[in-house]
Amino acid sequence: GGVMLNPNDRSLYTAALTPPPGMVFDEAIATTYSLDPAVLLSIPVHLAFLGVGSDRLRDSIAALEAIRRLSNRMTVYADRGRMQVPAPPHPLYGLLESVIVEVQAPRKGAFHAKVWVLRFVDPGGEGSPLLRLMILSRNLTADRSWDLALTLEGTPTQRYRAESRELGELIAALPRYATRQPDEFRIEQAERLGREVRCTPWQMPIGFTSVRFHVNGTHRRYWEPLPSKKMAVISPFCSEEALDWLARSTREPAVLVSRSEQLESLPLDRMTAFPQRLCLDEAAETDDGDSPDQASVRDSLGLHAKAYILERGWDTHLIMGSANATNPALLKPTNVEVLAELVGKRSKVGDIDRLMGPDGLGPVLVSYGSSQVAEPERPEEVAAERVRESARSSLVTAALRIRCAPAGAEGTWIPVLTGTVQIPKGISSVRTWLVTMKPENAVDLAPLLTGGAVRLAPCACESLTGLIAFELIAEGSIQSLSFVLNLPVDGLPAEREGAIFRLVVENQEGFLRYLLLLLGDIEGSLEFTRGDGGSFGSWGKGLGTQGLLEEMVRAYCREPKRLVEVQKIVSRLMESDDARQVVPDEFLKVWRTFVAAMEADDGE
C-alpha cells in the first residue's frame, strides 16, 4: 500500500489492477462522480491481459471473452447525468450497460465518492482472498490532473472493525442510491464487499500507524477535523465559510493550495487564515504540449488532489479523498464524499513543512500572486450555464426508455426513445444519439416535449444500446453540454452480444482497431478514428496502418512492455489457418521491425 501523488492515471490504474503474485482478479466495485466509458472499457482489457496467463490468450476473441466475463464481476456506481460521451463511438460500449449503475446522492447533492474495492483470490480456491482498497481524488475519466491516491491491502477476517464501519456501510448501501433497481447479483455483491471491507485489517503505508474512513452526505454524522496545532489544506475548490470552519479548528491555519482562479475569488482582507497560498506551477499544469479543446482544458489539467494535513501532538494526520473545502462537501454535506484519515508520527511521515517542501509537493507548487488576474465570467455565459444545468436535471429525472423496433431492412433496427420531459426556457436545441454511433447521427428531442416518441437513427443490431448521449445548447451561447444516460431498454434482440463480438474480430480492420484499443493509453488517446465513415461499418476505413504505427511508436517509447502483449496476440493469430484474412501484410512488415528493435533492446 502507499500514498501516491501523480498526474499519470495510467500507471495508477495499471498498478491497481495488477493481481498480487499467484492470485487472480475476482470482482470489483468502483464509485465515481464523472465517468468516461472509454476509460472504463480499457480497464477489463487491462485486467484480462494481466490476469490471464499468456497461454490462455489464444486470440483477440479470448480477450473479448475476458471483457464479457469481467463485465459481469465489476460494478461502477456513477453520479447520474455526469457520464461523458466517449470518443470514438464503438459497439463495445453496449457491453458496459450492466456494469454502470447510475446513482443519486440521498441529500440531492453530488454523488462524489471515488473509491475502488478490488477482490483477488487464489485460482486454485486455496488460501484467503485479498482486498485492495483505493481512495482517490480522481474520477474514472481520462483527465491528467495532479491527484492523490491511497492504496491499501488486507485479508478479510471474521470481525467487524470500527475504523472501516462508515466505508463498509456506504459500499453495502450503494444499490439503494441507484436511480433504477440493479439486478440481484449487484445487490448481493455490494453487501458482500461492504461486509468484507468492514472486516479487513489494512496493512499501513510506511510510517503510518492507523487509518480511519469518513463518509459525508449519507447520515447525520460527518467528518470534523480534530483540534490541531497547525493545518494545511489542498483543495482545488474552496468556499470562504468552509475555510473559516477549518481554520477555527486549528491554532495555526498555515498553508492553502488551490487553483489560481479559486484563490483569485477569495477575499484578500482575510489573509490571516492560511497566509501561505500556493498553486500548481504552470509548468506542472501543462502536459506534453497537447492542448485539448478549451472546454475540457479547465477540467483536464491542474489540481485535482484534495487533502487536509494536521499536526497534532507528535502526530501528523493526513486526511485525503474526494471532499473539497466547500459547503456541500464539508460544512453542510449534501454531497456523498469519502475521506481516509491516516495517522503517523511526525518524525516518520514528516510535518507540514516537509510535506510541502522540496521532498514533498514543493517542486510542483509556486506561491500565488494576485497578479494572475482571471478573466471575469460574462454574465450571459453564467446564465447560459445555469439553463444548461437545469435542462440536465430535467433529463436526469425524466423517466426515459428505449424501445428497439426492427426496421424494414434485414438486420436494421430503429431505437425509439419514449418518456416525458420538460425542458426549461432558454435551451435552443437538445439532440440525442446512441454512444455506439457517431454524433452526426443525432436527432432532435423535440417530439418528447409534446408527448410523442423520438425515433433515433436506424442502426445495426450490434449498435443497439441503452447508453444514450444528449447534447444541450442554450440560446446565445456557443458552449454545448453533452452527457450520457444509461436508460432501460425494451426488446433488445438476443443476438446483439454475438453481433458485437463478431464485428470486432471478424476482419482485418477489427484486428487493427482491437490492437489500438490495447495500445491506446488509458489517458484517453483512444482517438484512433482516422476514417470519416458514418456508422461503425465504414468507421476507420482510413485508419490503415498509419494510425497504428504512430500508436506503436508511442507505446514503444513510453512503455515497451505493452508491445509484448501485442506480440503474443500476433503470434497466436499467425498460428491459425486464416491468419492472412485477419492480420494485414503491411502490418506484419512493420511489426517485424519492432520485434527486431525489441530483441536488440533485450540484448543491451
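- Atom CZ of Arg165 has 12 or fewer neighbouring heavy atoms from other residues, nucleotides or ligands inside a 6.0 Å radius.
- A donor and an acceptor atom, one from each side chain of Ser235 and Asn324, are located under 3.5 Å apart.
- For the pair Arg259 and Phe237, the cation-pi criterion (under 6.0 Å, within 45° of the ring axis) is fulfilled.
- Between the side chain of Arg73 and the backbone N or O of Asp26 there is at least one donor-acceptor pair closer than 3.5 Å.
- Listed for the Ser258 side chain is a donor-acceptor partner under 3.5 Å among the backbone atoms of Pro236.
- Neither side chain, Glu341 nor Tyr308, offers a donor N or O lying under 3.5 Å from an acceptor on the other.
- Side-chain contact check for Glu27 and Gln189: at least one donor-acceptor pair (N or O, by modelled atom type) lies under 3.5 Å.
- The salt bridge (charged side-chain N to carboxylate O under 4.0 Å, His left out) analysis of residues 208-228, with sequence neighbours excluded, yields the pairs Glu166-Arg221.
- Residues Ser322 and Glu337 bring a donor and an acceptor atom of their side chains to less than 3.5 Å of each other.
- Using a distance-only test at 3.5 Å, with no hydrogens or angles considered, a donor-acceptor pair links the side chain of Glu311 to the main chain of Ile352.
- Ser98 is linked by a side chain to side chain contact (heavy atoms under 4.5 Å, CB included) to Arg186, counting only residues two or more places apart in sequence or in another chain.
- Within the cation-pi definition used here (under 6.0 Å to the ring centroid, within 45° of the axis), Arg80 does not qualify as a partner of Phe111.
- A side-chain N or O of Glu241 and one of Asn327 form a donor-acceptor pair less than 3.5 Å apart.
- Aromatic ring centroids of Tyr177 and Tyr77 lie 6.0 Å or more apart.
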